[in-house]
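Note that this is a predicted model, so its numbers are computed, not measured. Counting begins at 1 with the first residue of the sequence. These values consider heavy atoms only, across backbone and side chains, with no hydrogens, waters or symmetry-generated copies.
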Amino acid sequence: SLSFGGCGRATSSGGTARTAKPTQCDYATRAGVVRATGSSRPMTSTPGSGPSPEPIGPGTWSTLRRPAIPACRGWSSTPTTTPANVHEAVRTGAIHEALSEAGLAPSEHLVDAVYVSAEQLVVATARHGIDLIGPTRSNHSWQRRDAEGIQVADFTVDWERRSVRCPEGHESTSWGEYRDTASGRPFIRAGFNPGDCRPCPAKPCCTRAASRRLTLHPRAEHEALAAARKQHESKQGRRLYAQRQGIEGTISQGVRSFGLRRARYRGLAKTAFQGVATAAALNLDRLAAWFEHRPLARAHTSRFSALAA
């Protein structure tokens with residue numbers, strides 16, 4: 001990968017100040033990026049749509065990152081390319097490893113929701129000292145959709161006593177650890193007594209079964225996930241995450257002006273080199289625009305949106 005220089009900045013997390021290393025740079029990462037294939041009909045992924053169907057024939061993902069610090073915000077850096085069947089969610093750790101080995105580990109990493117998981121929130125901080133910042137994955141439970149629904153976050157977990165207390169004051173009667181058969185990741189399942197749940201006045205907002213059962217992450221992951229959600233929903237968190245804006249325009253420019261959607265060569269090594277060359281071309285074009293005082297293009301507004309406004 002190729003990294004274009006930038007300096008770090010001081011940040012604070014949880015009241016503890018941490019100063020970025022002089023060689024560090026803050027990056028914003030794009031999820032759902034363009035898929036390039038070796039076929040004559042290029043395949044793409046819809047921005048923000050998550051994983052796409054498997055391609056017919058060989059293909060690759062190209063991921064671009066750019067510094068989030070004001071002086072370097074228009075630059076593309078450390079492009080990476082992987083086979084198309086490698087989902088972005090498993091790339092977070094590899095990206096951090098590569099940046100750390102190059103001495104460019106950022107103090108904060110602004111990412112799309114697909115890159116954020118409870119496990120990666122813990123690993124990024126513990127192993128690399130990186131604050132992974134981004135929206136957590138959506139909760140599709142009916143309690144989340146119901147305005148009065150009682151969600152997992154409304155329960156109080158006593159990790160020492162291995163017990164959970166519901167908003168109505170009832171304590172769980174079972175607590176068991178298990179591993180998911182598909183991923184092998186550890187989870188905790190806590191259950192409540194049906195005798196407490198059936199007569200409870202809050203049951204219609206809590207569960208449709210005889211009693212409520214919760215699936216929890218291990219303590220470190222559970223607390224990291226809760227903290228990430230709280231930060232992202234705060235005014236300060238939204239202002240911090242707003243630094244990621246503009247990465248969509250970078251992907252669009254790469255596709256429309258520099259042919260990022262279609263691979264010119266066969267093989268992962270050559271396609272990866274194309275990604276590096278495209279990032280370099282983007283940087284040269286933006287540097288020329290800066291010297292020529294070319295203003296940034298306005299965001300496109302559809303006619304329907306203009307009428308609605």
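His222 pairs by the ring-ring contact (aromatic ring centres under 6.0 Å, His included) definition with Trp159, not counting sequence neighbours. By the salt bridge (charged side-chain N to carboxylate O under 4.0 Å, His left out) test, Asp285 pairs with no residue at all, sequence neighbours left out.
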### Task
Starting from the C-alpha separation in whole Å, work towards a yes-or-no answer on side chain to side chain contact (heavy atoms under 4.5 Å, CB included) for Gln253 and Arg286.
CA-CA 10 Å; Gln253 185 181 9; Arg286 294 189 172 192; 2.9 Å; yes
### Task
Any chance you could lay out the side chain to side chain contact (heavy atoms under 4.5 Å, CB included) test for Glu221 and Arg185, step after step, and finish with the verdict?
CA-CA 11 Å; Glu221 297 180 7; Arg185 295 176 55 191; 3.7 Å; yes
#### Entry: Trace of the side chain to side chain contact (heavy atoms under 4.5 Å, CB included) decision for Phe187 with His217
CA-CA 5 Å; Phe187 289 96; His217 292 278; 3.5 Å; yes
#### Entry: Glu108 vs Arg244, salt bridge (Lys or Arg N to Asp or Glu O under 4.0 Å): CA-CA, chis, key distance, verdict
CA-CA 11 Å; Glu108 296 170 335; Arg244 187 179 171 271; over 6 Å; no
### Task
Please lay out, stage by stage, how Leu99 and His128 fare under the test side chain to side chain contact (heavy atoms under 4.5 Å, CB included).
CA-CA 9 Å; Leu99 291 173; His128 306 290; over 6 Å; no
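The minimum heavy-atom distance linking His232 with Pro135 is given by the pair NE2-CB, 3.6 Å. Residue Ile150 comes nearest to Cys206 through the heavy atom pair CD1-CB, 4.0 Å, listed as atom of the first residue, atom of the second, then distance. Considering every non-hydrogen atom in both Gly195 and Pro199, the closest pair reads O-CD, 3.1 Å. Of all non-hydrogen atoms in Ala105 and Ser100, the two that sit nearest each other are CB-OG, 3.6 Å. Counting all heavy atoms, side chain and backbone alike, Ala224 lies closest to Leu121 at O-CD1, 3.8 Å. Heavy atoms only, all atoms of each residue included: Arg144 and Asn139 are closest at CG-O, 3.2 Å.
The pair Arg219-Glu160 meets the salt-bridge criterion, since a charged nitrogen lies less than 4.0 angstrom from a carboxylate oxygen. Remark: Lys203 does not engage Glu168 in a salt bridge, criterion side-chain N to carboxylate O under 4.0 Å. Taking a cutoff of 4.0 Å between a charged side-chain nitrogen and a carboxylate oxygen, Glu171 and Arg161 qualify as a salt bridge. A salt bridge is defined here as a Lys NZ or Arg NE, NH1 or NH2 lying under 4.0 Å from an Asp or Glu carboxylate O, and Glu97 with Arg91 fails to meet this definition. A salt bridge between Glu233 and Arg229 is absent, with no side-chain N of the basic residue lying under 4.0 Å from a carboxylate O of the acidic one.
The backbone N or O of Gln231 sits less than 3.5 Å from a side-chain atom of Ser234, completing a donor-acceptor pair. Side chain of His87 to backbone of Ala89: a donor-acceptor contact under 3.5 angstrom is found. Looking only at distances, a side-chain donor or acceptor of Thr207 sits under 3.5 Å from a matching main-chain atom of Ala209. Although no hydrogens or angles enter the test, the distance criterion places a donor-acceptor pair under 3.5 Å between the side chain of Arg179 and the main chain of Gly184. When atom types are taken as modelled, the side chain of Arg145 and the backbone of His140 share a donor-acceptor pair closer than 3.5 angstrom. Distance alone, capped at 3.5 Å, places no donor-acceptor pair between the Asp112 side chain and the Val114 backbone. Of the possible polar contacts, one joining the Thr92 side chain to the Tyr115 backbone as a donor-acceptor pair under 3.5 Å is found.
The distance from atom OG of Ser174 to atom CZ of Arg162, rounded to the nearest 0.5 Å, is 11.0 Å. We find the OG1-CG distance between Thr173 and Asp196 to be 7.5 Å, quoted to the nearest 0.5 Å. How far CD of Glu177 is from CG of Leu216: 10.5 Å, rounded to the nearest 0.5 Å. Taking CG of Leu214 as the start and CH2 of Trp175 as the end, the distance is 9.5 Å to the nearest 0.5 Å. Here NE2 of His96 is found 9.0 Å from OG1 of Thr125. Values are rounded to the nearest 0.5 Å. Taken to the nearest 0.5 Å, the SG atom of Cys200 stands 12.0 Å off from the CG atom of Asn193.
Residues Ile133 and Val111 fail the side-chain proximity criterion, which asks for heavy atoms closer than 4.5 Å. No side-chain heavy atom of Gln143 sits under 4.5 Å from any side-chain heavy atom of Asp154. Within the 4.5 Å cutoff, side-chain heavy atoms of Arg208 are placed close to those of Trp142. For the pair Arg137 and Ser117, the minimum side-chain heavy-atom distance is below 4.5 Å. Between Leu225 and Thr136, some side-chain heavy-atom pair lies under the 4.5 Å cut-off. Contact annotation: the side chain of Arg262 never approaches that of Gln274 to less than 4.5 Å [non-hydrogen atoms, C-beta and beyond]. Side-chain contact check for Leu268 versus Pro83: some heavy-atom pair is nearer than 4.5 Å. When side chains are defined from C-beta on, Arg256 does not count as touching Ile251, because their heavy atoms never get closer than 4.5 Å.
Val122 and Leu132 fall into different hydrophobic clusters, where Ile, Leu, Val, Met, Phe, Trp and Tyr residues are linked whenever their side-chain heavy atoms come under 4.5 Å apart, directly or through other members. At a threshold of 4.5 Å between side-chain heavy atoms, the hydrophobic network of Ile, Leu, Val, Met, Phe, Trp and Tyr places Val123 and Val116 in two separate groups.
Heavy atoms of other residues, nucleotides or ligands lying less than 6.0 angstrom from CD of Glu292 number more than 12. Other residues, nucleotides and ligands place no more than 12 heavy atoms under 6.0 Å from the CZ atom of Phe273.
Using cut-offs of 30° and 60° for the angle between ring planes, the Phe192 and Phe155 rings count as tilted.
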